[in-house]
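Since the structure comes first, as structure tokens, the remarks are kept for the end.
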Amino acid sequence: MSLAQVHHISAAPGDEEAAGRFIAVGPGVSAALLAELEPLIGYALPDGASHRPADAELRSLPQAFTYAVLSDGSRVVGRTAPARGDGTAPVRFHTHAVHLPPGVPLPGDRLPVEAWRSPHWVSATPVGGGALSDPLGLLPPGPAPVREGLDDFAVSRGPWLAAVLADLRRASEEEAPAGGPVVLVERQSADVARWLGLAAVTLPRGSVERLTFTTYTRRPGSSALRVVGAPPEDAAAAREAGLRVHVCADRPPVDGTADAWARTAARVWRSRAPELFEEARGLPGDPFAAGPLAVIALCSGVALGPEERAAAAGWAAERPYALDAKRTGQLVEALTSPGIDDRTGSEFDSVGRLFGALDGRCPASVTAPLAAMLVTEAVRGGNGSLELPRRDAFVGPEGEAIAGVLGPEILTELESGAGGGRPVARTVQLLRVARLLGVNGTEVLPEVVARLARTILTEADGSEGTPAFAPALLELLDEQFDVRTALLGALDRIAPEDPGAVARFLERVALPFTGTQALPHLRMCAEAPGAMTTLGRDRSAVWHRVLRAAGLSPFAEPLVLRTAVGLVWEDRAPTVEEARLLLEAATSDAHRTAGTWARLVDAALGAPADTEDGTALAHDLLRAFPQEIGGRERAALQLLELCRDLRSGAPEPGWTEQVRTLRDRAAPLEPAIQERAFTALTERLLAPDRPGAELYAFVRSDDADLIAAYDRAARTEPTRTRLRTHPAYAADCFTNWTAHPHAGTAWTTTAAALLDEVLRPAVRGMTAEAVAEVEETVGRTGSSGRANAFRDWNRSRALGRLGRRIAGRVRRG
């Protein structure tokens, strides 16, 4: 089939009035298509070019090699080149183009870029019916014309290769990416064509055919093509227009590309092995995935980076059937090469998946290097996320060799004192690798597991949700019975010290302790969350249920008391009622061994002032733990016990001094205990039958806090009622409140206030007979002078005057 050709002559440089024109148009090319084509082939001279160039200058001017798709689906391949004009126009720009109707391929099914070196492009229109040259149909056979010199060019453009190939790949997608064309800035337009030649070899054919381009334009921002070449002077304007610009004629770029496929392709080109692209396209998978190309490159000896190696291993792990035995061996050899020193965690993870896919499918001689590489990384690299090989992967000489190298390193690290700070995942990994390699760690196991148990609780408390180390830990316990037994025993021993932490851990990680081990503390910790959910705030019921889960009596194993108390009450003190329950549930010896007696003391000391059982609990604790309770706590409990005696009516003499002494010994004293003690003392001092010596000692103490408590007790409603209804009690209070005029300031001020604000209203509410009885009782128990003082006080309204009279009468009496 003969393809229509088009010849076009553009306007001369500087001739703004002249216009370009089509001077030869083959059949089938409509005027509409010509109008669409003309903007694509316009030509503008580079900056600094002469409008009247010499022959050498004319030959050095850039040529625009263009491939475009027109609106009707037809395509155009053409070249625009400077040509010598006539006298009035020293230089013209001649376009020679070939039109391909929709669906018609290039002759020989060639790619458009293969025609850029065709010797049949002409710079003048044939005249006089001469035969038209055929630049597409007369191409030399084979790929040599387009690939000639591409290896050298690729090596020279090494720093730009990956980034440019990544953009050319995106530009070749079915939907042209938004943002305008990719701009390749080169000093020579032929180098832009070489970039397109690289793309033609690297990309799949369908992508290449979508890649419309021109090797030279001065207006990249207005181009509808996907790739354009531009001179260096237009790079800044293209960047300002927001285009993707690669200045390949300047300093190499600093940053690379995130496209792993493009990086792999660049390494293939720098290794001068473009034939690998066709091989890679024969493998299954996305043509632009890095995996297939990376696999072929590694099998051919091309050195790749860690991300590309990871992509190759990951791809092969997903398709272990896609490679024959030879390539599988080559890939394993490349991945495990001892010369690689930049492996990453993701690469090791991919290699681990590859080993899992090949293990059992390939001979052990093939997979052994992968297994050795994985366990070496697990030991030396500290990669805790690796999927380790099976134990039988190290049977035979390979296993003995790697065990001889890594075994001493594993034992040395496990024995090191720095293990207290070693992460759980690291210790678990070392123990698992030791088992894989058959390393005997029996001697170091108890100490290692003891440290591991504490680290487990520390890390679990510092994380949200299930700890990251949990899956590997459970695998370890499932694999190694001796480690499981030792670890569960260590956690059971730790549980009484911090049962809350153990319970929180067991709630998030279900340890397998359903075997024959007793593990009473672990069983209690596992039971606690469910019991609290079911029984809610009934802590006594929760405590009984948790204690039953231990399967042991606190009489036989007192430490279960400590675990149960720690689980139910944690850092809170029990209530008095709960403390009495705990005290009765076991002997004092059991509480003493478990250390829970201190919680009972906290309950007594923290009881509210109005809790009556607190004093009885204090009494019992002082007798149950006489040697354990000392210091401030002992004094505080003794003060509570004294409150009990004051209320019962049989305290030892010297109440006030006892209260003051114990208060000072118990400092800082809980406010509720002080309130209870002061209230008990002052109520006893306000009782009708209190000994006079106790009141005297109280008044003379001049203790401001105690006297203030007395003042409050005297103003309570029970005292006021008794004053109103019992004349003898009113007389007694009058006598006491006026009997110590020379006591300290605190007492004299308080007594005067009580006389005026408490006793006077009570007496005024009495009948005349009752007042007379008060006066008679005051005189009988005191003196006639005191009776006269009462009489005057009862008539007086001035407290200061009353005070002076009382003092004078007392002195005369």
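No hydrogens, no waters, no symmetry mates; every other heavy atom, side chains included, goes into these values.
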Problem set entry | OG1-CH2 distance between Thr264 and Trp269, expressed to the nearest 0.5 angstrom | 15.0 Å
Problem set entry | Met524 CE to Leu519 CG distance, which is reported to the nearest 0.5 Å | 12.5 Å
Exercise. Does a sphere of radius 6.0 Å around CZ in Arg665 hold more than 12 heavy atoms from other residues, nucleotides or ligands, not counting ones at 6.0 Å or beyond?
Worked result: no
Seminar exercise, completed: For Leu474 and Ala510 the tightest heavy-atom approach is CD2-O, 3.8 Å
Exercise. Are any of the side-chain heavy atoms of Val302 and Arg270 separated by less than 4.5 Å?
Worked result: no
Problem set entry | Non-hydrogen atoms of Pro320 and Leu358 that approach each other most closely | CB-CD2, 4.0 Å
Problem set entry | Exercise: identify the closest heavy-atom pair between Phe469 and Ile456 | CZ-O, 3.8 Å
For this session: Mark yes or no for whether Arg523, through its side chain, and Ala518, through its backbone, hold a donor-acceptor pair below 3.5 Å.
Result: yes
For this session: Determine whether Asp478 and Pro512 make a side-chain contact, defined as any pair of heavy atoms from C-beta on separated by less than 4.5 Å.
Result: no
Exercise. Closest approach of Leu617 and Ala579, non-hydrogen atoms and distance?
Worked result: CD2-CB, 3.8 Å
Problem set entry | Side chains of Glu578 and Trp569, donor plus acceptor under 3.5 Å | yes
For this session: Using the six-membered ring wherever Trp is involved, compare the ring planes of His591 and Phe625 and label them parallel, tilted or perpendicular (cut-offs 30° and 60°).
Result: perpendicular
For this session: Give the intermediate values and the outcome of side chain to side chain contact (heavy atoms under 4.5 Å, CB included) for residues Arg545 and Arg548.
Result: CA-CA 5 Å; Arg545 179 167 160 182; Arg548 283 196 302 271; 3.8 Å; yes
For this session: Find out whether Arg380 and Leu406 are in side-chain contact, i.e. whether some heavy atom of one side chain is under 4.5 Å from a heavy atom of the other.
Result: yes
Problem set entry | Polar side-chain atom of Asp259 near backbone of Ala166 as donor-acceptor pair, under 3.5 Å | no
Problem set entry | Pair Glu377 + Arg343, salt bridge at N-O below 4.0 Å | no
Problem set entry | Neighbour count >12 (heavy atoms, 6.0 Å) for atom CZ, Arg537 | no
For this session: Determine yes or no for a side-chain-to-main-chain donor-acceptor pair under 3.5 angstrom, with Arg572 supplying the side chain and Val568 the backbone.
Result: yes
Exercise. Side chain of Asp602, backbone of Ala573: donor and acceptor closer than 3.5 Å?
Worked result: no
Exercise. Between Arg504 and Glu570, is the closest basic N to carboxylate O distance under 4.0 Å?
Worked result: yes
Exercise. Do Arg432 and Leu436 come close enough that some side-chain heavy atom pair is under 4.5 Å?
Worked result: no
Exercise. For Glu413, does its backbone N or O pair with a side-chain atom of Arg422 as donor and acceptor, under 3.5 Å?
Worked result: yes
For this session: In sequence, state the C-alpha distance, the side-chain angles, and the governing distance for Glu628 and Arg634, and then conclude on salt bridge (Lys or Arg N to Asp or Glu O under 4.0 Å).
Result: CA-CA 9 Å; Glu628 287 73 28; Arg634 184 175 187 83; over 6 Å; no
Exercise. Have Asn440 and Thr442 got a donor and an acceptor in their side chains that come within less than 3.5 Å?
Worked result: yes
For this session: Run the numbers on Arg451 and Val448 for side chain to side chain contact (heavy atoms under 4.5 Å, CB included), then give the verdict.
Result: CA-CA 5 Å; Arg451 289 196 300 258; Val448 169; 4.1 Å; yes
Exercise. Below 4.0 angstrom, N of the basic side chain to O of the carboxylate: do Glu577 and Arg539 qualify?
Worked result: no
For this session: Decide side chain to side chain contact (heavy atoms under 4.5 Å, CB included) for Gln429 and Leu476; before the verdict, give the C-alpha distance in whole Å, the side-chain angles of both, and the deciding distance to 0.1 Å.
Result: CA-CA 8 Å; Gln429 190 80 309; Leu476 170 69; over 6 Å; no
Exercise. Is any side-chain heavy atom of Asp461 closer than 4.5 Å to a side-chain heavy atom of Phe505?
Worked result: no
Exercise. Counting only N and O atoms by type, is there a donor-acceptor contact under 3.5 Å from the side chain of Glu557 to the main-chain atoms of Leu559?
Worked result: yes
Exercise. Should Asp492 and Phe513 be marked as a side chain to side chain contact (heavy atoms under 4.5 Å, CB included) after you check the CA-CA gap, both sets of side-chain angles, and the distance that decides it?
Worked result: CA-CA 10 Å; Asp492 192 68; Phe513 54 88; over 6 Å; no
Exercise. Which value, rounded to the nearest 0.5 Å, describes the distance between Thr534 atom OG1 and Met532 atom CE?
Worked result: 11.5 Å
Exercise. Heavy atoms, side chains only, cut-off 4.5 Å: are Leu600 and Thr596 in contact?
Worked result: no
Exercise. Is Glu279 salt-bridged to Arg327, cutoff N-O under 4.0 Å?
Worked result: yes
Problem set entry | Spatial distance of atom CG (Leu431) from atom CD1 (Ile410) [nearest 0.5 Å] | 9.0 Å
Exercise. Can you find a pair of side-chain heavy atoms, one from Asp342 and one from Ile340, that are under 4.5 Å apart?
Worked result: yes
Exercise. Any Lys/Arg nitrogen of Glu318 or Arg353 sitting under 4.0 Å from an Asp/Glu carboxylate oxygen of the other?
Worked result: no
For this session: List the atom of Glu415, the atom of Val444, and the distance in Å for their closest heavy-atom pair.
Result: CG-CG1, 3.1 Å
Exercise. How many angstroms lie between CG in Leu370 and CG in Asp359, if you round to the nearest 0.5 Å?
Worked result: 9.5 Å
Problem set entry | Reported CG-to-CD distance for the pair Leu430 and Glu409, which is rounded to 0.5 angstrom | 10.5 Å
Exercise. Do you know the tightest heavy-atom contact between Ile494 and Ala453?
Worked result: CD1-CB, 3.7 Å
For this session: Check whether any side-chain N or O of Glu459 sits under 3.5 Å from a backbone N or O of Val424 as a donor-acceptor pair, and report yes or no.
Result: yes
Exercise. Between the side chain of Thr563 and the main-chain N/O of Val560, is any donor-acceptor distance below 3.5 Å?
Worked result: no
Exercise. Under 3.5 Å, is there a donor-acceptor pair between the Arg562 and Thr593 side chains?
Worked result: no
For this session: May I ask you to decide if Val379's main-chain N or O and Arg426's side chain share a donor-acceptor pair within less than 3.5 Å?
Result: yes
Exercise. Hey, is Asp589 close enough to Arg592 for a salt bridge, meaning N to O under 4.0 Å?
Worked result: yes
Problem set entry | Sidechain-backbone polar pair: Trp315 side chain, Pro284 backbone, donor-acceptor under 3.5 Å | yes
Exercise. Are Leu552 and Leu547 close enough that some pair of their side-chain heavy atoms sits under 4.5 Å apart?
Worked result: no
